[in-house]
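Beneath this line is the structure, given in structure tokens, with notes to follow.
As the structure is a prediction and not an experimental result, all values here were calculated from the model. Throughout, protein chains are lettered first and strands after them, A, B, ... in sequence-line order, and every chain is numbered starting at 1.
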There are 2 protein chains.
Amino acid sequence: MGNIKTLDLPLKTTPATIEDVARLAEVSIATVSRAIHMPEKVAASTRQKIDHAIAVTGYSANAMARSLRLGRSNMILAIAPDISDPNFSPILIGLEKEARANGLGLLIGHTQGDPLRGIEYLKFMNAHQAAGMILFTGYVPSDPNQPAPRLPPSVAVVEPMAHGSIPFVGVDDRLGARKLLELLLAHGHRRIAFIGDSRARLAHHRRRIGFDEGVAAAGLRDSQMVLDSDGTLEGGRAAIERLFLRDDLPTAFLCVNDQTAAGVMMGLTARGYDVPKDFSVTGFDDIPQANFLSPGLTTIRQPRTAIGQEAMALLLRMLEGEGAEQPETLLMPDLIVRGTVGPPAPWPLNRKGFAKGS
Amino acid sequence: MGNIKTLDLPLKTTPATIEDVARLAEVSIATVSRAIHMPEKVAASTRQKIDHAIAVTGYSANAMARSLRLGRSNMILAIAPDISDPNFSPILIGLEKEARANGLGLLIGHTQGDPLRGIEYLKFMNAHQAAGMILFTGYVPSDPNQPAPRLPPSVAVVEPMAHGSIPFVGVDDRLGARKLLELLLAHGHRRIAFIGDSRARLAHHRRRIGFDEGVAAAGLRDSQMVLDSDGTLEGGRAAIERLFLRDDLPTAFLCVNDQTAAGVMMGLTARGYDVPKDFSVTGFDDIPQANFLSPGLTTIRQPRTAIGQEAMALLLRMLEGEGAEQPETLLMPDLIVRGTVGPPAPWPLNRKGFAKGS
DNA sequence: CTGAAAGCGCTTACAG
DNA sequence: CTGAAAGCGCTTACAG
């Protein structure tokens with residue numbers, strides 16, 4: 001008879017509820033709930049019956065009902081301009097891993113850089129009462145025509161917040177740029193150009209600061225060069241085109257990110273120069289493409305999965321009410337040495353290009 | 001006075017509930033709900049008051065309460081072995097876009113290829129009553145020790161299901177391989193090798209079939225060659241090493257995916273050969289790295305975002321009860337011609353490598 | 001056209 | 001140590 005009962009239950013087509021468990025264990029639903037959340041308050045014998053009933057029914061609490069009752073969801077919303085960005089997706093993995101380990105789900109919001117979509121997500125979040133938020137954007141989406149929405153506890157990654165008090169988890173950009181510069185200096189370079197726009201993104205600005213500091217420390221202040229570039233491959237290539245209109249060429253390019261470095265390499269190659277024989281180039285981020293360039297790009301690797309995990313762990317702590325005492329968590333950048341850095345070329349280079357000497 | 005009332009409400013720190021709206025509009029919550037979901041059943045004047053109250057309070061229905069009541073969540077769970085795979089992430093974007101457009105949220109599950117984690121997600125899904133599921137894995141995660149879990153409506157992408165009746169949305173792999181082969185043939189190649197493992201993944205098997213069909217149609221059956229390789233860059237490189245132990249070299253390599261093609265190109269370059277002068281190479285997928293190879297890889301582009309949107313649209317239809325009449329939705333592959341295909345090299349090549357002629 | 005009431009599945013004081 | 005009951009915010013028959 002009891003046998004028949006246990007055999008019957010799995011045939012139910014709808015998932016088991018706490019009611020099913022209670023009935024099978026012959027206790028009240030309150031006791032089932034207690035057995036799950038405060039087992040020490042339940043008699044051992046009762047607990048056993050309940051555990052068995054749970055196993056038999058395959059019960060797991062309906063998360064929606066639980067959230068509704070508790071007034072807090074177990075979803076974290078990640079808002080990113082582009083979830084397919086190779087720089088972002090490993091962070092998502094870290095976020096997801098840590099969230100899941102704590103029973104939370106990661107909901108994904110892809111804004112395509114469109115602020116309007118960001119606002120939509122905020123609404124969505126509000127409706128779902130997402131417990132917390134991870135921002136990849138450097139700012140909180142907002143609609144000037146609407147009152148500012150309530151924000152749940154939030155953490156910024158990739159790009160520090162332009163203003164406001166949301167804590168940031170990311171690489172130490174300044175230190176990374178510094179490491180790259182030291183490498184170039186160690187190879188004997190003295191004329192080093194920084195390529196990138198340091199105004200658009202705060203993270204890029206910090207790389208620039210690292211560069212400036214290193215240049216100053218090495219006493220190279222006068223020979224430093226800065227070329228504006230928007231952080232894209234095209235921008236890197238264009239910077240090279242503009243550069244060759246000038247006379248005072250650098251021997252090495254410290255690029256604000258890998259895309260820029262790839263563009264610089266393409267521009268150089270198109271002009272018939274060889275990297276690293278004629279010019280040295282460094283990137284930043286270590287995107288997957290960095291290893292497909294030839295030669296492979298020397299760059300800084302962002303500890304992306306770790307960033308994600310750290311950020312989620314911090315958010316979880318904030319959810320527990322432990323204030324974000326630390327406004328910034330900076331992770332160690334890793335120098336990845338591949339093939340784009342060598343000693344400076346003898347000066348002056350043959351500037352006519354394709355048929356230049358070796 | 002009314003003024004004061006409307007000014008007061010936004011100061012509430014907790015989000016507005018249907019109760020707040022009802023109070024402000026001086027109707028019952030039932031009428032508010034009706035005004036939202038069946039406006040035609042509500043008097044125009046009442047509707048106006050309610051609309052105003054909604055605007056003032058910034059109300060949007062608590063999704064958890066709504067789901068609980070309706071017995072159906074508005075979350076879709078996507079289970080992928082690696083959400084950072086450049087082949088997958090644009091699909092996620094498509095999925096997310098279409099889901100969001102229909103008021104659903106996309107929850108992400110990253111299994112790292114670990115079946116155990118897949119099972120965890122199934123449990124999670126069950127607890128959350130996810131309305132539907134997108135599978136990137138080609139199989140349903142399952143635990144042999146547990147009864148099979150109930151599955152919500154599901155759609156497979158990237159990899160068709162090994163068995164079972166879950167509909168698939170993806171590129172037409174067979175046709176894509178065929179297009180690549182035609183291109184090679186048009187350039188004059190007659191000795192063409194297929195590199196890849198056609199057993200591990202069904203999608204790869206289909207590419208192999210396209211290759212076989214094309215070879216047969218061109219009457220080349222006897223000269224076709226197949227080299228086993230596991231679909232990784234390393235595998236591609238290793239296949240080249242093994243190949244050069246033999247005598248009957250092909251003039252072109254049709255690789256099962258871009259990673260393999262990249263490995264093949266590296267292997268060839270390492271031996272001192274030039275692509276496409278000495279050998280032609282094609283890939284499949286058009287991963288972002290394909291354009292960073294030099295020369296750029298000629299390949300097939302998967303319409304990834306479209307795959308995501310199609311898949312989600314199909315899932316949404318299934319959720320409405322419109323059966324998945326069509327077991328497969330095959331999207332058109334795009335041939336992307338870059339620089340790795342040229343005419344076959346004169347035979348025999350100088351096999352000693354680095355100092356070869358021309 | 002509108003409101004009172006039931007109920008989705010849970011958790012947690014409150015009694016006992 | 002355990003159970004009855006309230007209530008989270010919603011939607012939808014059911015009356016009127």
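Proximity of A:His37 to the phosphate of C:dT12: no side-chain N or O atom is located under 4.0 Å from OP1 or OP2. Side-chain nitrogen and oxygen atoms of A:Arg34 include none within less than 4.0 Å of the OP1 or OP2 phosphate oxygen of C:dT12. Between A:Thr31 and D:dG3 there is a side-chain polar atom (N or O) within less than 4.0 angstrom of OP1 or OP2. Taking side-chain N and O atoms only, B:Thr46 has a distance below 4.0 Å to OP1 or OP2 of C:dT2.
The side-chain heavy atoms of A:Tyr59 and A:Ile18, taken from C-beta on, include a pair separated by under 4.5 Å. Contact check for A:Met64 versus B:Ser73: side-chain heavy atoms found under the 4.5 Å cut-off. Counting heavy atoms from C-beta on, the side chains of A:Ser33 and A:His37 come closer than 4.5 Å. Two residues are said to be in side-chain contact when any heavy atoms from C-beta on lie closer than 4.5 Å; A:Val32 and A:Ile36 meet this criterion.
D:dA13: no Watson-Crick or G-U partner with both key distances under 3.5 Å is found in any strand. With both pairing distances under 3.5 Å, D:dA4 is matched to nothing as a Watson-Crick or G-U wobble pair.
Note: CZ (A:Arg47) to P (D:dT2) measures 10 Å, nearest angstrom. The CD1 atom of B:Ile36 sits 10 Å away from the C1' atom of D:dC10 (whole-angstrom rounding). Counting to the nearest Å, the P atom of C:dC10 and the CD1 atom of A:Ile54 are 11 Å from each other. Computed from coordinates, the B:Met64 CE to D:dC10 P distance equals 10 Å when rounded to whole Å. Whole-Å rounding puts the B:Ile29 CD1 to D:dG9 P distance at 11 Å. We find that CD1 of B:Ile18 is positioned 14 Å from P of D:dC8, with the value rounded to whole Å. For the pair A:Arg69 CZ and C:dC10 C1', the computed distance is 8 Å after rounding to whole Å. The nearest whole Å value for the distance from the CD1 atom in B:Ile50 to the C1' atom in C:dG3 is 12 Å.
For the C1' atoms, the distance linking C:dT12 with C:dG16 amounts to 16 Å, nearest Å.
The nearest heavy atom of DNA chain C to A:Asn62 and to B:Ala44 marks one nucleotide each, and the one closer to the 5' end goes with B:Ala44. DNA chain D is contacted by both A:Ser45 and A:Ala65; A:Ser45 maps to the nucleotide lying nearer its 5′ end (nearest heavy atom per residue). Nearer to the 5' terminus of DNA chain C, by closest-nucleotide assignment, is the contact made by B:Glu40 (compared with the other of B:Leu70 and B:Glu40).
Listed candidates were C:dT11, D:dG3, D:dG9. Nearest to the side chain of A:Ser33 is C:dT11. The side chain of B:Ala43 lies closest to C:dT2, out of C:dT11, C:dT2, D:dC10.
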Salt bridge (charged side-chain N to carboxylate O under 4.0 Å, His left out), that's the test. Do B:Glu96 and A:Arg117 meet it? Break it down for me. CA-CA 12 Å; B:Glu96 203 273 344; A:Arg117 298 203 63 195; 3.6 Å; yes
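Using a 4.0 Å heavy-atom criterion, one finds that B:Ala30 contacts the bases of the nucleic acid, with or without backbone contacts as well.
Evaluated for a side chain to side chain contact (heavy atoms under 4.5 Å, CB included) with A:Ile83, the options B:Leu92, B:Ile83, B:Leu106, B:Ile108 yield exactly one hit, B:Leu92.
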